[in-house]
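In what follows, a structure is listed as structure tokens, so that the remarks can point back to it.
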Amino acid sequence: MVPAGRSSVRWRIVLVYFMLVFIAMTIVSVFLMGRMEEYQFASLRGNISKTVNESNLLSSLGRYKDLSESSADIQKMLNESWGVGFSEELSVVDRRLRICASTNGSLVGRNAADIFDTDIIIKTLMSGGSAEADGLTSDGIPVKGLCYAISSDEAINGVVYVRSDLTGINNFLARSKAIFIQGIAIALVVTVLLGFILARSITDPINSVTETVQKMSQGDFSTEVSVKSNDEIGQLAEMFNLLRQKLDFTLTEISNEKNKLGTILQYMADGLVAIDLSGNLMHINPSARAMLHIDVNADISGVSYDEIMGSLSENLSLARIMENCGDDGGQDIFRYGAAIIALRYDHFKDEDGTDIGIIIIMQDITERQKLEDMQTDFVANVSHELKTPLTTIKSYAETLLDGAVTDANTRDSFLEIINNEADRMTRLVKDLLQLSRLDHRQERMDMQEGNIVALANAVINKMKLVAATRNQTIESDFDRGADIRVIFDNDMMEQVLQNIISNSVKYTPDGGLIKVSIDKSRGSARIRIADNGIGIDQDSLPRIFERFYRVDKARSRNMASTGLGLAISKQIAEEHGGRIRAESKAGKGTVITLTLPLANQGSADRKN
């Protein structure tokens, strides 16, 4: 059913069509009536002027020096020449405005000012030309007065005044107006009928399209719009039918994809939470509900993200995850009851590339964390157990070096091996203990605001001595006098920089180049250590920050590497609120990037 308001379109079309025709015919009628009126008056004026001029009346009257004294002769001439066949009233008026002669005998001898328009008489007497004016007689008859000057010896003796009855012309114009009005009325009636038919031919297809759209809005895509013509309306109907088919196909595909996506989200092991930029929950799948102990049937509409997860940890608040959600997203780990849950989150965008929300993936890593804790505890226990044997090894080594073995070469060789192994195991134990303290957040850090550039300069100066033994160059690709303020533990951060540069020295061939650069980027200090060394293959690159992981185990042992340096560096960087990442290609060198928050970016809360 078509709503009543929609039929007004048809009447608006009829009204517009009616107004266009009405305005057009009115303009045409006014124009034609004006032209007809002009033509009638111009014809009357022309005929009278032609008759007066061609009859030599003015020249004949010009022979009389005094029109009043010759009034009898003039009257006789008018009676003979103008009394018959001339329908207008013609009078001769002298300069004293006395009517000397007239085709209307009742006017002879009377004062022209009492009968005629004296303005055009005076104007003609003064100018010597002609003049005209419209007026009414004493009986109310409309007349046109025309006045012509009578000249004698270059002097104007009087005027010829002609009055013409305008009743006939006015009756003709009035009748013409009536005819035009009747014609306009008939034309408007026809216009309304034709306009209604035209409007119906336009609105009926539109109504059909509207009814089909209403059915489509209710999910019925089976109805087609009938095409009854090949004009624009017909093309619109064809295009609408094509649109209906494509929309039906598209919605079917979207529905299928939605069902598949819904199934995936329903049964995926990881939890998924989607929120908009205002923090309102858009979706939470069953796994996430289970992790957060939310009833699977609970309604989450109108519930904010902070109400569910923001209260679990300060790092999980909406403001914090939006702050940490950088180019590569963010991640975090939190405890909820006995469970340990890892989060990964990042922005998701619309088709224009605009951020419209955040997607959060939750993974229960409780068992994995327990295993890692056990491994960490094991390393700590083993390290403590190894400390006593190491002391014993050192004692024996010192004894042997004091001369217990008689063969000097053998003694020195054995002692050197024991001493080197003891030193290596000592470093191993030291690194393991430090990792254990970092894992359990037992490592005490003296967090102070300082200039990270100054610290980097100090580390570079130390490492240049080591690099010089291999003819390597450590280049400072930054302003060494710059002041970039970061909150850090000086000893810990020195250890991180020394570990990274030391690795570059170890795995860069003799004569190689190590380049250190420092700059600011997005509220962070960024330190990049790049070398042109042997590089790391892509399979090993993701694991280089794992404990005890070595890309080339034989080469690492020869270089006295424990495989813990980068793991410790990563742990320290994270304790400082920063992060460390590596980029490398085998044979092309390696770039290690350390990112730390600037002091003015809210890092002071990490002091302990």
Side-chain angles (χ1 to χ4, degrees), residues 326-329 331 420 423-424 427-428 431 435 452-453 455-480 493-522 524-574 578-596:
D327 293 338
D328 300 326
Q331 55 186 359
N420 289 340
D423 287 340
R424 179 180 297 177
R427 288 194 300 272
L428 174 62
D431 289 345
L435 269 176
I452 194 68
V453 175
L455 178 62
N457 287 332
V459 174
I460 290 171
N461 290 335
K462 290 180 183 178
M463 296 306 301
K464 280 184 176 180
L465 299 175
V466 179
T469 61
R470 301 186 62 185
N471 199 27
Q472 294 173 341
T473 301
I474 299 180
E475 180 179 311
S476 300
D477 188 20
F478 59 92
D479 181 5
R480 302 196 68 172
M493 196 52 58
E494 180 179 357
Q495 180 182 356
V496 172
L497 296 177
Q498 192 163 327
N499 280 346
I500 297 172
I501 299 177
S502 175
N503 277 351
S504 294
V505 171
K506 290 177 183 178
Y507 297 101
T508 298
D510 293 353
L513 173 65
I514 300 167
K515 184 181 292 186
V516 181
S517 63
I518 306 176
D519 60 9
K520 296 179 182 179
S521 175
R522 298 182 180 180
S524 300
R526 185 175 61 179
I527 306 169
R528 300 176 76 252
I529 296 97
D531 62 56
N532 58 356
I534 62 175
I536 306 170
D537 63 81
Q538 296 303 304
D539 292 336
S540 300
L541 186 61
R543 302 189 59 191
I544 63 171
F545 294 104
E546 294 180 10
R547 301 167 190 186
F548 298 109
Y549 186 79
R550 299 180 180 91
V551 177
D552 186 343
K553 294 181 174 58
R555 185 183 182 98
S556 298
R557 290 194 184 98
N558 292 336
M559 294 182 178
S561 172
T562 63
L564 296 174
L566 287 180
I568 293 174
S569 298
K570 180 176 182 292
Q571 199 82 354
I572 293 174
E574 291 176 350
R579 59 178 180 171
I580 186 171
R581 59 188 178 88
E583 302 169 69
S584 183
K585 289 185 179 180
K588 301 293 185 180
T590 302
V591 178
I592 303 294
T593 302
L594 172 64
T595 304
L596 298 171

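By convention here, the first residue in the shown sequence is residue 1.
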query = Is a donor on one side and an acceptor on the other found under 3.5 Å between the side chain of Q538 and the backbone of S584?
reply = yes

ask   = How would you list, by chain and number, every residue that makes a side-chain hydrogen bond (donor to acceptor under 3.5 Å, both in side chains) with Q495, sequence neighbours excluded?
value = Q434

F545 CZ to I580 CD1 distance, which is reported to the nearest 0.5 Å = 4.5 Å

remark   = The side chain to side chain contact (heavy atoms under 4.5 Å, CB included) partners of R526 (sequence neighbours excluded) come to D519, S521, R528, T593, T595

request  = Sequence neighbours left out, what passes side chain to side chain contact (heavy atoms under 4.5 Å, CB included) with A530? Give chain and number order.
outcome  = V591

task = With sequence neighbours left out, write down each residue that passes salt bridge (Lys or Arg N to Asp or Glu O under 4.0 Å) with K462, or none if nothing qualifies.
result = E494

note = Sequence neighbours excluded, the answer for side chain to side chain contact (heavy atoms under 4.5 Å, CB included) partners of K588 is K585

message = Applying side chain to side chain contact (heavy atoms under 4.5 Å, CB included) to L594 and M493, what does each step give before you reach the verdict?
response = CA-CA 10 Å; L594 172 64; M493 196 52 58; 3.8 Å; yes

key: R480: partners by side-chain hydrogen bond (donor to acceptor under 3.5 Å, both in side chains), with sequence neighbours left out   = N457, N461

ask   = About how many Å separate OG1 of T473 and CG of N532, when rounded to the nearest 0.5 Å?
value = 9.5 Å

key: Non-hydrogen atoms of D539 and P542 that approach each other most closely   = O-CD, 3.5 Å

task = Apply side-chain hydrogen bond (donor to acceptor under 3.5 Å, both in side chains) to Q331 and list each qualifying residue two or more places apart in sequence or on a separate chain.
result = none

Result of checking I514, I529, D531 against I474 for side-chain contact (heavy atoms from CB on, under 4.5 Å) = I514

ask   = Taking atom CG of L497 and atom CD1 of I527, what is their separation to the nearest 0.5 Å?
value = 5.0 Å

remark   = Here the pair of heavy atoms bringing V453 nearest to F478 is CG1-CE1, 3.7 Å

key: Derivation and outcome, side chain to side chain contact (heavy atoms under 4.5 Å, CB included), residues N503 and N499   = CA-CA 6 Å; N503 277 351; N499 280 346; 5.6 Å; no

inquiry  = Under the rule for salt bridge (Lys or Arg N to Asp or Glu O under 4.0 Å), what residues qualify as partners of D479, not counting sequence neighbours?
reply    = none

key: Under the side-chain hydrogen bond (donor to acceptor under 3.5 Å, both in side chains) test, residues paired with D510 that sit two or more places apart   = R470

message = As an exercise, state the distance from CD of E583 to CG of L541, rounded to the nearest 0.5 Å.
response = 8.5 Å

query = Say you draw a straight line from CD1 of I460 to CD of E475; how long is it, rounded to the nearest 0.5 Å?
reply = 10.0 Å

S502: partners by side chain to side chain contact (heavy atoms under 4.5 Å, CB included), with sequence neighbours left out = M463, K506

